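What follows is one structure encoded as structure tokens, with my remarks underneath.
Every value quoted in this text rests on a predicted model; they were computed, and no experiment measured them. Chain identifiers are assigned alphabetically (A, B, ...) following the order of the sequence lines, protein sequences preceding nucleic acid strands; residue numbering begins at 1 within each chain.
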Amino acid sequence: MEKEIKDLLLKHSTELFGTPINENSIQFQKTRKEIEGDLTLVIFPFVKLLKTSPVETGERLGKFIKDTFEDIESYSVVSGFLNFTISGSYWLKQLNEVSKDENYGFARPNSRPMIMVEYSSPNTNKPLHLGHLRNNFLGYSVAEILKAYGHEVIKTQIINDRGIHICKSMLAWEKFSPVNEKGERETPANTGLKGDKLVGNYYVTFDREFNKEANEIIAAWEKGEFENYPAEIVDEFKRLSDSKSGKDEKAIAGIDAKIKDLAKNQTSILLEAKEMLVKWEARDPQVYLLWSTMNNWVYEGFKQTYNAMGVDFDKLYFESDTFLLGKDIVAEGLKTGVFYQKEDGSVWIDLTEDGLDEKLVLRSDGTAVYMTQDVGTAVDRFRDYPGLTGIIYTVGNEQDYHFKVLFMILQKLGFEWSDNCSHLSYGMVDLPTGKMKSREGTVVDADDLMAEVVAQAEEMTQERGHIEGFSAEEKNELYTLIGLGGLKYYLLKVDPKKRMLFNPEESIELNGNTGPFIQYAHARIRSLLKKAGKYGALTETRLLLEEKEIIKHLVTFPAIVEEAALNHSPAVIANYAYELVKLYNHFYQSIPILIEEEEELKNTRLVLSENVAKVIKLAMQLLGVKVPERM
RNA sequence: GGGCUCGUAGCUCAGCUGGAUAGAGCACCUCCCUUCUAAGGAGGCGGUCUCAGGUUCGAAUCCUGACGGGCUCACCA
């Protein structure tokens with residue numbers, strides 16, 4: 001209806017206003033609750049054109065529009081707003097349209113260009129944590145939303161499987177892993193530990209030993225024992241140490257941190273790790289075997305976690321595969337003058353004219369940095385998928401600058417698709433106690449959290465669920481569905497861009513704006529429909545206000561999907577679903593459905609309920625949240 | 001210090017391409033299961049939309065500045 005009115009005004013604008021009007025000056029909004037009407041047109045923009053009062057302008061437009069559309073029953077002008085009341089039969093027709101389409105709101109699959117969505121992208125030295133949950137749920141959901149909007153979507157990730165951090169875990173495992181009676185070191189098989197957890201433990205072990213050794217070095221320096229250390233390091237230490245006198249506490253802490261870095265670089269353990277990295281790059285068979293063995297443990301662990309999260313990928317990329325291509329591209333770019341080389345051999349790009357800095361793209365020793373492999377990975381992807389038009393990178397907002405630079409480099413290298421690449425930048429997840437810090441042990445582990453949330457759902461469901469006759473397996477499925485659904489909804493209902501607070505109590509809450517609240521509404525409707533058995537089709541009936549409100553909301557679903565797709569925002573979908581459920585619950589509570597005696601009214605209400613359940617399900621599907629038939 | 005970003009009820013968040021009296025949830029207080037799942041519903045309490053200017057018929061929304069929080073400015077990833 002909005003579109004029809006808009007077209008009408010545009011078509012007749014000269015006749016109505018004496019001049020063609022801008023499409024943007026036609027603004028619709030929802031009619032306020034207290035005022036009668038279904039649709040409101042803002043008339044201020046036209047007042048100036050007509051040089052009459054708002055009331056007069058409104059009356060004139062109102063009459064013109066009402067006379068054109070049969071379905072507009074009446075209009076009223078209230079302080080600059082033109083409110084239309086639309087006929088019940090129009091809304092019934094709309095409900096019928098919704099009802100006909102099993103995938104209402106979804107576009108035809110693959111009717112839009114191919115897009116790649118990257119998410120997750122973990123390091124292989126640490127288990128996944130709460131931050132990854134936000135990342136994974138977001139990426140998965142945005143991918144589903146884009147599919148629903150018609151895009152062909154490739155879900156992917158880049159696995160950060162190479163570099164010094166992996167070598168640290170490898171080294172710690174070699175040095176410190178206990179040997180059992182069979183002469184084996186710890187493995188996931190002989191410890192029963194998930195592979196990512198086991199490797200993560202050794203990363204922690206490395207860090208502990210690393211710090212221990214660094215502290216010993218500092219202690220030695222403070223006692224004046226400087227033999228075995230290079231003169232320039234010793235000088236630097238003395239300079240830093242002397243500069244502490246007379247400074248305040250904060251400044252001293254800063255200087256101490258610098259001293260710590262200095263000492264860390266002198267540790268034998270770091271040296272060994274670096275040697276290992278060099279060996280890895282040279283494909284030393286022993287190191288390479290250890291590397292692939294430990295990485296495979298991690299992948300196996302991650303696989304379980306992804307499975308529990310309910311996310312999946314169409315294609316994986318590994319940095320160990322793409323960083324060489326990155327180096328090739330840098331070499332080409334150096335020839336064409338996109339990059340330049342400094343005397344020490346390092347390669348840079350100058351972005352100062354674009355308001356950014358100079359950025360390193362290759363170290364002086366010729367090895368790749370993060371940027372190098374990201375360039376390589378991007379190009380690799382477009383080679384793999386000739387139909388690909390763009391990539392969406394789901395990565396935390398601490399990397400905003402990195403992606404700005406990456407896209408600019410790709411553009412300067414002449415890849416036209418760089419314009420279609422975007423950074424889905426999301427805010428950090430804070431805890432009530434503050435930031436998550438691995439050093440302080442405040443990181444919330446993804447597996448633990450999911451298990452906890454499911455256990456909580458079990459407890460709640462046993463307390464109040466309607467699960468008579470469920471098998472043990474069905475029960476467990478339900479607990480998982482509720483626990484995980486709640487967690488996903490909790491993390492997705494907030495605008496991705498914003499930093500958010502994770503409150504453990506709220507995340508398992510069942511009341512209010514939560515996943516289980518929405519799931520419950522769905523289960524209740526399904527149960528109602530089951531009880532109703534067969535019922536007739538829609539017929540011409542009068543509609544109650546409550547029913548009309550719901551239909552109005554259902555009708556906006558396609559526009560919501562579009563908005564969510566364009567903004568890469570699952571939160572838009574979550575808020576929509578919540579609104580829908582609130583409207584429905586109000587209706588459910590105050591209007592008889594099954595016990596309505598008038599057959600036509602009952603049918604209408606059942607069809608309405610059925611479609612509410614359908615749209616809830618579709619919307620939740622876009623968030624990766626499942627909805628139960630009973631709960 | 002430069003760049004980016006955020007600041008809405010006690011708390012967590014919607015609203016932000018300018019539009020009517022700024023909305024939810026949680027928490028707190030009242031009510032409602034001899035009607036279909038009360039994991040529900042109705043109502044109450046609670047706001048100088050950080051502050052100060054500006055643009056506009058109209059500003060939580062746009063612009064400028066201040067204050068406060070976060071991120072970032074590595075031959076780390």
Side-chain angles (χ1 to χ4, degrees), chain A residues 24 27 29 31-32 34-35 40 42-45 47-48 54 78-81 83 121 123 125 160 162-165 319 342 344-348 355-357 359-371 373-374 396-402 404-405 425 427-428 430 432 435 457 460-461 463-466 482 486 490 493-495 497-503 505-506 509-521 523-532 571-572 574-575 578-579 581-582 584-596 602 605-606 609 630-631:
Chain A
N24 296 333
Q27 296 165 20
Q29 56 182 282
T31 307
R32 290 189 69 94
E34 325 74 69
I35 292 166
T40 294
V42 184
I43 56 181
F44 291 107
V47 171
K48 250 187 272 175
V78 183
S79 58
F81 297 88
N83 311 298
S121 304
N123 287 349
N125 60 336
N160 187 354
R162 62 168 222 108
I164 190 77
H165 52 281
E319 276 179 5
K342 287 193 178 173
D344 62 6
S346 58
V347 179
W348 298 72
L356 304 177
D357 303 314
K359 198 80 190 169
L360 178 91
V361 290
L362 214 57
R363 293 195 189 97
S364 52
D365 64 3
T367 56
V369 289
Y370 188 38
M371 192 62 76
Q373 55 205 23
D374 268 10
N397 65 8
E398 76 268 16
Q399 295 194 35
D400 284 356
Y401 185 72
H402 171 77
K404 225 181 194 174
V405 172
S425 163
M428 297 292 102
D430 287 327
K435 282 186 68 166
M460 303 289 200
T461 303
E463 231 171 79
R464 63 190 98 184
H466 305 78
I482 295 172
Y490 183 84
K493 71 177 175 183
V494 181
D495 183 342
K497 290 193 292 291
K498 291 194 177 169
R499 162 178 282 271
M500 71 173 289
L501 186 84
F502 181 82
N503 185 322
E505 281 97 55
E506 276 179 24
E509 193 41 67
L510 308 170
N511 308 316
N513 189 358
T514 66
F517 172 83
I518 292 170
Q519 290 171 323
Y520 180 72
R524 202 159 60 167
I525 296 172
R526 295 306 306 172
S527 156
L528 181 80
L529 294 170
K530 204 174 159 195
K531 240 174 219 173
V572 170
N575 289 329
Y578 178 57
E579 263 321 301
V581 167
K582 277 203 297 183
Y584 184 82
N585 282 350
H586 173 69
F587 159 79
Y588 177 90
Q589 206 76 215
S590 48
I591 309 231
I593 303 168
L594 275 185
I595 46 180
E596 168 60 49
K602 187 168 133 185
R605 287 170 197 169
L606 285 166
S609 298
R630 288 170 64 190
M631 72 185 271

Exercise. According to a strict under-4.0 Å criterion, is A:Lys435 in side-chain N/O contact with OP1 or OP2 of B:rC71?
Worked result: yes

Exercise. Quick one: are A:Leu510 and A:Tyr520 in side-chain contact, heavy atoms under 4.5 Å?
Worked result: no

Exercise. For B:rC11, is chi within 90° of 0 (syn) or not (anti)?
Worked result: anti

For this session: Determine, answering yes or no, if A:Tyr578 is stacked on B:rA24 under the 5.5 Å centre rule and the 30° plane rule.
Result: no

Problem set entry | Inter-residue atom distance A:Asn123.CG - A:Arg162.CZ, 0.5 Å rounding | 12.0 Å

Exercise. Looking for any heavy atom pair under 4.0 Å, which part of the strands does A:Ile593 touch: base, sugar-phosphate only, or nothing?
Worked result: base

For this session: Using a 4.5 Å cut-off on heavy atoms from C-beta on, say whether the side chain of A:Lys435 contacts that of A:Met428.
Result: no

Problem set entry | Distance, P atom - from B:rU56 to B:rG69, rounded to whole angstrom | 35 Å

For this session: Measure the shortest side-chain to side-chain distance between A:Phe587 and A:Arg605 over non-hydrogen atoms and say whether it is less than 4.5 angstrom.
Result: yes

For this session: Answer yes or no: does a side-chain N or O of A:Lys531 lie under 4.0 Å from OP1 or OP2 of B:rU37?
Result: yes

For this session: For B:rG70, take OP1 and OP2 only and decide whether either is under 4.0 Å from a side-chain N or O of A:Lys498.
Result: no

Problem set entry | Among B:rA38, B:rC71, B:rC26, the one nearest A:Asn511 by side-chain distance | B:rC26

For this session: Could you give the distance separating B:rG46 and B:rG58 at their C1' atoms, to the nearest angstrom?
Result: 27 Å

Exercise. So what does A:Met428 hit on the nucleic acid, given a heavy-atom distance under 4.0 Å: a base, only sugar-phosphate, or nothing?
Worked result: nothing

Exercise. B:rU48 and B:rG3: how far apart are their C1' atoms, nearest whole angstrom?
Worked result: 32 Å

Problem set entry | Out of B:rC36, B:rA14, B:rG19, whichever nucleotide has its closest atom nearest the side chain of A:Val494 | B:rA14

For this session: Under 4.0 Å between any heavy atoms, over every strand shown, what does A:Thr40 touch: base, sugar-phosphate, or nothing? Just pick one.
Result: base

Problem set entry | A:Phe587 CZ - B:rC36 P separation (whole Å) | 15 Å

Exercise. Counting side-chain heavy atoms from CB outward, which of B:rC26, B:rC36, B:rA77 is closest to A:Tyr370?
Worked result: B:rA77

For this session: Have a look at A:Lys497 and say if it touches a base, only the backbone sugar-phosphate, or nothing, with a 4.0 Å heavy-atom cut-off.
Result: nothing

Exercise. Under 4.0 angstrom, heavy atoms only, what part of the nucleic acid is A:His466 near: base, sugar-phosphate, or nothing?
Worked result: base

For this session: Give A:Ile43 one of three labels, base, sugar-phosphate or nothing, depending on what nucleic acid heavy atoms sit under 4.0 Å from its own.
Result: nothing

For this session: Indicate, yes or no, whether a donor-acceptor pair under 3.5 Å links the base of B:rA39 to the side chain of A:Thr514.
Result: no

For this session: Would you mind reading off the distance between A:Gln589 atom CD and B:rC33 atom C1', rounded to a whole angstrom?
Result: 9 Å

For this session: Under 4.0 Å between any heavy atoms, over every strand shown, what does A:Glu34 touch: base, sugar-phosphate, or nothing? Just pick one.
Result: base

For this session: Choose from B:rC13, B:rA77, B:rC57 the nucleotide whose nearest atom is closest to any side-chain atom of A:Met500.
Result: B:rC13

Exercise. Does the side chain of A:Val42 come within less than 4.5 Å of A:Phe81's, by heavy atoms?
Worked result: yes

For this session: Find out whether A:Tyr588 and A:Ser609 are in side-chain contact, i.e. whether some heavy atom of one side chain is under 4.5 Å from a heavy atom of the other.
Result: no

Exercise. Across the strands shown, which category fits A:Ile164 at heavy-atom distances under 4.0 angstrom: base, sugar-phosphate, nothing?
Worked result: nothing

Exercise. CG of A:Leu510 versus C1' of B:rA27: gap in Å, rounded?
Worked result: 16 Å

Exercise. Which part of the nucleic acid, if any, lies within reach of A:Gln29 when heavy atoms closer than 4.0 Å are counted: base, sugar-phosphate only, or nothing?
Worked result: base

Exercise. Checking all strands, does A:Asn123 fall into the base, sugar-phosphate, or nothing category for heavy-atom contacts under 4.0 angstrom?
Worked result: sugar-phosphate

For this session: Ignoring backbone atoms, test whether A:Arg499 places a side-chain nitrogen or oxygen under 4.0 Å from the OP1 or OP2 oxygen of B:rC13.
Result: no

Exercise. Between B:rC33 and A:Arg464, is there an OP1 or OP2 to side-chain N/O distance shorter than 4.0 Å?
Worked result: no

Problem set entry | Spacing of the P atoms in B:rG65 and B:rG10 (rounded, Å) | 30 Å

Seminar exercise, completed: Rounded to whole Å, the CG-P distance (A:Asn585 to B:rC36) equals 15 Å

For this session: Ignoring the backbone of A:Lys404, work out which of B:rA77, B:rC4, B:rG40 is nearest its side chain.
Result: B:rC4

Exercise. Is any side-chain nitrogen or oxygen of A:His402 closer than 4.0 Å to OP1 or OP2 of B:rU72?
Worked result: no

For this session: Check whether any side-chain nitrogen or oxygen of A:Arg526 sits under 4.0 Å from OP1 or OP2 of B:rU37, and answer yes or no.
Result: no

Exercise. CZ of A:Arg630 to NZ of A:Lys530: how many Å apart, nearest 0.5 Å?
Worked result: 6.0 Å

For this session: Write down the partner of B:rA9 under the Watson-Crick or G-U wobble criteria, each distance required to be under 3.5 Å.
Result: none

Exercise. Under the criteria of a ring-centre distance below 5.5 Å and an interplanar angle below 30°, is A:Tyr588 stacked with the base of B:rG41?
Worked result: no

Problem set entry | Sugar-phosphate, base or nothing in reach of A:Ser425, heavy atoms under 4.0 Å | nothing

Exercise. What is the nucleic acid contact for A:Lys493, judged by heavy atoms within less than 4.0 Å: base, sugar-phosphate only, or nothing?
Worked result: nothing

For this session: Return the nucleotide paired to B:rA39: Watson-Crick means purine N1 to pyrimidine N3 with N6-O4 or O6-N4, wobble means G-U with N1-O2 and O6-N3, both under 3.5 Å.
Result: none

For this session: Looking at every strand, decide which applies to A:Asn503 at a 4.0 Å heavy-atom threshold: base, sugar-phosphate, or nothing.
Result: nothing

Exercise. Are any of the side-chain nitrogens in A:Asp365 or A:Arg363 under 4.0 Å away from the carboxylate oxygens of its partner?
Worked result: no

Problem set entry | A:Val369 side-chain proximity, nearest of B:rC36, B:rG40, B:rA77 | B:rA77

Problem set entry | Pairwise C1' distance, B:rC51 and B:rC57 [rounded to whole Å] | 26 Å

Exercise. Is there a donor-acceptor contact under 3.5 Å linking the side chains of A:Asn585 and A:Arg524?
Worked result: yes

Problem set entry | Closest nucleotide among B:rG23, B:rU72, B:rG70 to the A:Tyr401 side chain | B:rU72

Problem set entry | A:Arg524 vs B:rA38: side-chain N/O to OP1/OP2 distance below 4.0 Å | yes

Problem set entry | Whole-Å P distance, B:rA27 and B:rG70 | 30 Å

Exercise. Hey, does A:Asn83 reach any base, or is it just sugar-phosphate, or nothing, if we go heavy atoms under 4.0 Å?
Worked result: base

Exercise. Can you find a pair of side-chain heavy atoms, one from A:His165 and one from A:Asn160, that are under 4.5 Å apart?
Worked result: yes

Exercise. According to the Watson-Crick and G-U wobble definitions, with both distances under 3.5 Å, which nucleotide is paired to B:rU17?
Worked result: none

For this session: Pick the C1' atom in B:rA14 and in B:rU34, then give their distance to the nearest Å.
Result: 40 Å

For this session: Please tell me which of A:Asp400 and A:Val42 maps to the more 5' nucleotide of RNA chain B, matching each residue to the nucleotide holding its nearest heavy atom.
Result: A:Asp400

Exercise. Is any side-chain N or O of A:Ser527 closer than 4.0 Å to OP1 or OP2 of B:rU37?
Worked result: yes

Problem set entry | Nucleotide forming a Watson-Crick or wobble pair with B:rG58, both distances under 3.5 Å | none

Seminar exercise, completed: Applying the 3.5 Å cut-off to both distances, the Watson-Crick or G-U partner of B:rA52 turns out to be B:rU64

Problem set entry | Pairwise P distance for B:rC6 and B:rU17, with rounding to whole Å | 13 Å

Exercise. Closest nucleotide of RNA chain B for A:Pro45 versus for A:Leu528: which of these residues is on the 5' side?
Worked result: A:Pro45

Problem set entry | Protein-nucleotide distance (A:His586, atom NE2; B:rU35, atom P), rounded to Å | 20 Å

